[in-house]
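Comments concern the structure below.
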There are 2 protein chains.
Amino acid sequence: MTIDDAPRDALRGGPRELLRWVATGAAVSRADLSRLSGLSPSTVSQRVEALISQGLLEETGAGRSRGGRRPRQLAVPTGGAVVGAIDLGAHHARVGALDLSGRVVQARTLPVRIEDGPEAVLGALLAEVATLVDGDPAASRGGSATGALRGVGIGIPGPVQHSTGRIVSPSRMPGWNGFDVAAFCAGRVDVPVIVDNDANLMALGAHRTAHSELDHAVYIKAGTGIGSGVISSGRLHRGAQGSAGDISHCRVVADPAPPCTCGNAGCLEAVASGAALVTALRGQGVPVSDLTGVIRLIDDGDRQATALARQAGRAVGEILAVVVNFFNPQVVAIGGRLADCEPLLASMRATLYERCLPLATQTLLIERVAAGQDVGITGAAHLVIDHVVAAA
Amino acid sequence: MTIDDAPRDALRGGPRELLRWVATGAAVSRADLSRLSGLSPSTVSQRVEALISQGLLEETGAGRSRGGRRPRQLAVPTGGAVVGAIDLGAHHARVGALDLSGRVVQARTLPVRIEDGPEAVLGALLAEVATLVDGDPAASRGGSATGALRGVGIGIPGPVQHSTGRIVSPSRMPGWNGFDVAAFCAGRVDVPVIVDNDANLMALGAHRTAHSELDHAVYIKAGTGIGSGVISSGRLHRGAQGSAGDISHCRVVADPAPPCTCGNAGCLEAVASGAALVTALRGQGVPVSDLTGVIRLIDDGDRQATALARQAGRAVGEILAVVVNFFNPQVVAIGGRLADCEPLLASMRATLYERCLPLATQTLLIERVAAGQDVGITGAAHLVIDHVVAAA
DNA sequence: TCACTTCCTTCGACTACAAAACTAAGTCAG
DNA sequence: CTGACTTAGTTTTGTAGTCGAAGGAAGTGA
């Protein structure tokens with residue numbers, strides 16, 4: 001199924017925004033919404049009515065008075081697991097069932113063998129989504145229209161053409177090239193399936209969670225691979241081919257320049273990704289098997305591992321410096337498993353401050369992505385919710 | 001005076017867009033506009049009426065029949081020089097008077113000595129604008145409301161906070177730091193003055209002229225200095241501080257890394273700008289005095305100059321590769337005086353194709369900015385026109 | 001001359017939103 | 001515990017923007 005881009009009303013008083021204000025707790029009553037959105041009370045009432053009738057919003061009794069009539073409290077129906085989300089990683093997938101507010105109701109991490117191919121992997125994950133959604137006690141209690149699955153969002157650790165849902169020459173996913181994820185899933189579930197790059201989903205999740213008031217943001221996902229997601233004017237920027245944010249094969253100075261899976265040498269991914277760190281440490285005779293091991297070594301203060309982490313941080317900072325000068329975002333946040341790695345973060349920060357225009361870093365926030373391991377599925381859910389609300 | 005950002009209706013059938021379609025010749029009649037915009041004939045008629053009554057549009061008799069009633073031709077009042085524009089450069093300024101369609105009515109290039117300070121320079125240029133506008137024969141003929149000056153747009157070769165019109169730590173403009181251009185000009189002319197970075201204006205001019213149907217574009221301005229302008233979702237992306245596109249101090253690999261005016265070494269500007277080429281050639285004992293001389297040498301096939309141009313092209317390509325991977329534009333165009341320098345362009349292209357994700361370059365256009373020396377003032381005029389139409 | 005096309009306007013209807021009036025339900029001072 | 005005031009939300013009415021249908025204007029072509 002083909003999904004067009006996020007519609008215009010995303011900003012400024014659209015139903016989507018009303019919903020989000022309620023979901024985030026910024027608004028509790030119709031009066032709040034009226035104040036926040038600038039819409040007249042009558043219009044808000046009308047829209048709220050519509051949202052309630054669609055099951056996207058509900059009344060939850062009266063609130064505390066503020067000196068007059070008590071507000072009729074609004075809430076996004078919680079506990080109803082109505083959105084499925086899959087955040088596929090190199091070795092694991094985070095699968096979740098979320099409610100309409102974007103809150104995680106149920107989630108679990110599953111081991112994944114990408115090399116088993118798309119059918120096997122996605123089939124198993126979709127089954128798990130179904131289990132999680134059905135297993136939600138609230139849903140089985142109620143079971144009515146409100147509790148029904150409304151859509152599934154999927155994040156893929158590689159280039160995805162969001163418009164078609166097709167995977168395009170991924171570097172670490174043998175057997176997935178050209179696979180039409182959306183079409184495959186459409187055959188298994190009868191709700192909309194939205195596919196996007198994992199870094200994009202992280203960006204969306206992090207932005208909606210922590211930075212919704214900022215216009216321009218860049219999120220780096222540093223895990224086994226390395227990628228980024230871009231928010232421009234409050235919306236996900238996917239670019240012409242949908243490959244925006246894919247900085248993994250940007251060249252960085254490194255001596256020696258390690259060869260990359262793409263055939264070139266000195267790619268950011270070959271220097272700063274989790275996979276690269278594992279390879280490099282092994283090459284130095286350190287017996288690590290995976291990224292977890294590397295992170296443990298760094299946390300333990302291992303000299304070799306720390307040096308590599310610093311180098312990785314510098315490399316990320318180098319690329320990010322160009323990005324920050326060019327794009328001038330309000331915030332740069334780093335997520336993924338390497339985000340908790342202090343030496344990497346520190347040298348990334350240092351490089352950024354050293355190499356950027358003072359004007360660009362003057363008020364720039366450089367942060368860790370806060371939302372933890374559920375950012376990805378949160379972002380996926382938001383994408384689905386936006387689509388559902390737009391279609392309503 | 002403070003100017004807020006381009007309003008929302010810029011896209012999709014707003015008065016601005018109608019005007020532009022007429023200005024570009026894409027539409028000649030109300031029927032054309034209806035087809036192009038998707039608006040109903042009645043709505044178009046109504047809007048056109050409003051635009052005509054504001055003097056922003058006029059009827060110019062009947063057109064050729066296409067098998068039925070002849071269209072009542074529409075046109076933007078031409079010949080009336082109603083927008084002033086200044087494109088300030090390091091040594092010269094292009095000053096122009098343009099009509100509401102963005103066409104240049106009168107323009108001339110003046111020598112400028114930036115070091116004389118903002119008051120002297122801007123004072124002289126504003127006077128010249130007044131002369132050009134008044135000197136327009138059509139304006140003095142008609143002289144009515146239509147021919148009155150509606151606004152002035154100014155491009156500055158350094159960082160500008162577009163929202164306030166203030167210059168922020170420019171690297172090659174001694175005495176200009178912190179100067180409030182908009183406030184200064186507001187005291188001299190009684191129409192809106194809009195100030196922006198010169199690269200942004202070039203980007204806007206080039207996009208409106210040649211790529212108006214593309215969503216995402218990057219324009220490099222390579223002259224005495226080096227900068228870029230970014231179009232995201234059809235609109236100028238200025239970023240958080242308004243410094244977006246300022247890639248002049250991104251570091252590139254160069255051996256030896258030449259020192260930059262900013263205090264660092266190896267900045268793009270210190271390797272690939274016109275000023276850098278002059279300095280480098282002089283350092284090699286070649287007696288050139290300015291950029292014109294360098295370009296002549298390159299055109300003549302001088303070995304040293306060509307080698308430097310190639311190095312410059314590689315440097316630009318290196319940075320641009322990151323930008324293209326990150327931003328994934330539909331087009332990258334290079335303008336400024338160095339854009340006509342073949343060796344530079346060629347090695348930039350080569351570097352770009354070598355270093356970018358195939359997905360990102362697959363359909364990427366890499367071009368020269370077409371509009372010539374008037375792109376800047378054209379962009380400035382568009383900014384002013386957009387503002388005028390929005391205010392109407 | 002008549003059917004048909006294209007261009008544009010007029011008019012009625014619909015929609016989205018707002019302003020004002022009104023109902024509902026509370027607080028608080030005396 | 002009563003009446004003035006406050007806040008919340010609905011209903012009613014009005015207005016602006018847009019569309020669709022119908023129709024007038026002005027042409028072409030058989």
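Here the structure is a predicted model, which means the values were calculated and not measured. Sequence lines set the chain letters: A, B, ... in the order given, protein chains first and strands last, and positions in each chain run from 1.
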Taking OP1 and OP2 of [N], is either one under 4.0 Å from a side-chain nitrogen or oxygen of [X]?
X       : N      : value
B:Thr43 : D:dT18 : no
A:Ser29 : D:dG9  : yes
A:Arg72 : D:dA8  : no

Rounding to an integer number of Å, can you tell me how far [X] [atom1] sits from [N] [atom2]?
X       : N      : atom1 : atom2 : value
B:Arg30 : D:dG24 : CZ    : C1'   : 15 Å
A:Leu33 : C:dC17 : CG    : C1'   : 16 Å
B:Arg47 : D:dG17 : CZ    : P     : 9 Å
A:Arg70 : C:dC28 : CZ    : P     : 14 Å
B:Gln73 : D:dA26 : CD    : P     : 16 Å
B:Asp32 : C:dT6  : CG    : P     : 13 Å
A:Arg64 : D:dA8  : CZ    : P     : 13 Å
A:Leu18 : C:dA16 : CG    : C1'   : 14 Å

hbond_proxy A:Ser34 side chain to D:dG9 base (donor-acceptor, 3.5 Å cutoff)
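No, no donor-acceptor pair under 3.5 Å.
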
Any donor-acceptor pair under 3.5 Å between the side chain of A:Arg69 and the base of D:dA8?
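Present.
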
First of A:Pro71 and B:Arg66 reached from the 5' end of DNA chain D, by closest nucleotide
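Its nearest nucleotide lies further toward 5', so the answer is A:Pro71.
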
Heavy atoms under 4.0 Å, any strand shown: does B:Ser65 hit a base, just sugar-phosphate, or nothing?
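Sugar-phosphate contact only.
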
So what does A:Arg35 touch, heavy atoms closer than 4.0 Å: a base, only the sugar-phosphate, or nothing?
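Here A:Arg35 touches the backbone only, sparing every base.
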
Could you tell me whether the side chain of A:Arg238 reaches within less than 4.5 Å of the side chain of B:His216, counting heavy atoms only?
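Side-chain contact under 4.5 Å: no.
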
Side-chain contact, heavy-atom cut-off 4.5 Å: A:Leu74 with A:Leu33?
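Counting from C-beta outward, A:Leu74 and A:Leu33 do come under 4.5 Å.
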
If you measure only the distance, is there a donor-acceptor pair under 3.5 Å linking the side chains of B:Thr363 and A:Gln241?
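Looking only at side-chain atoms, A:Gln241 and B:Thr363 do form a donor-acceptor pair, the distance falling under 3.5 Å.
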
Any idea which of C:dG26, D:dC19, D:dT11 is nearest the A:Ser42 side chain?
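The nucleotide sitting nearest to the side chain is D:dT11.
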
Under the salt bridge (Lys or Arg N to Asp or Glu O under 4.0 Å) criterion, do B:Asp386 and B:Arg208 qualify, and how do the steps go?
CA-CA 12 Å; B:Asp386 282 359; B:Arg208 292 284 173 86; 2.7 Å; yes

Want to settle it: does B:Pro41 or B:Gly68 sit nearer the 5' end of DNA chain C, counting the closest nucleotide to each?
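So the residue in question is B:Gly68.
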
With under 30° as parallel and over 60° as perpendicular, where do the rings of B:His211 and B:Tyr219 fit, or are they tilted in between?
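Correct class here is parallel.
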
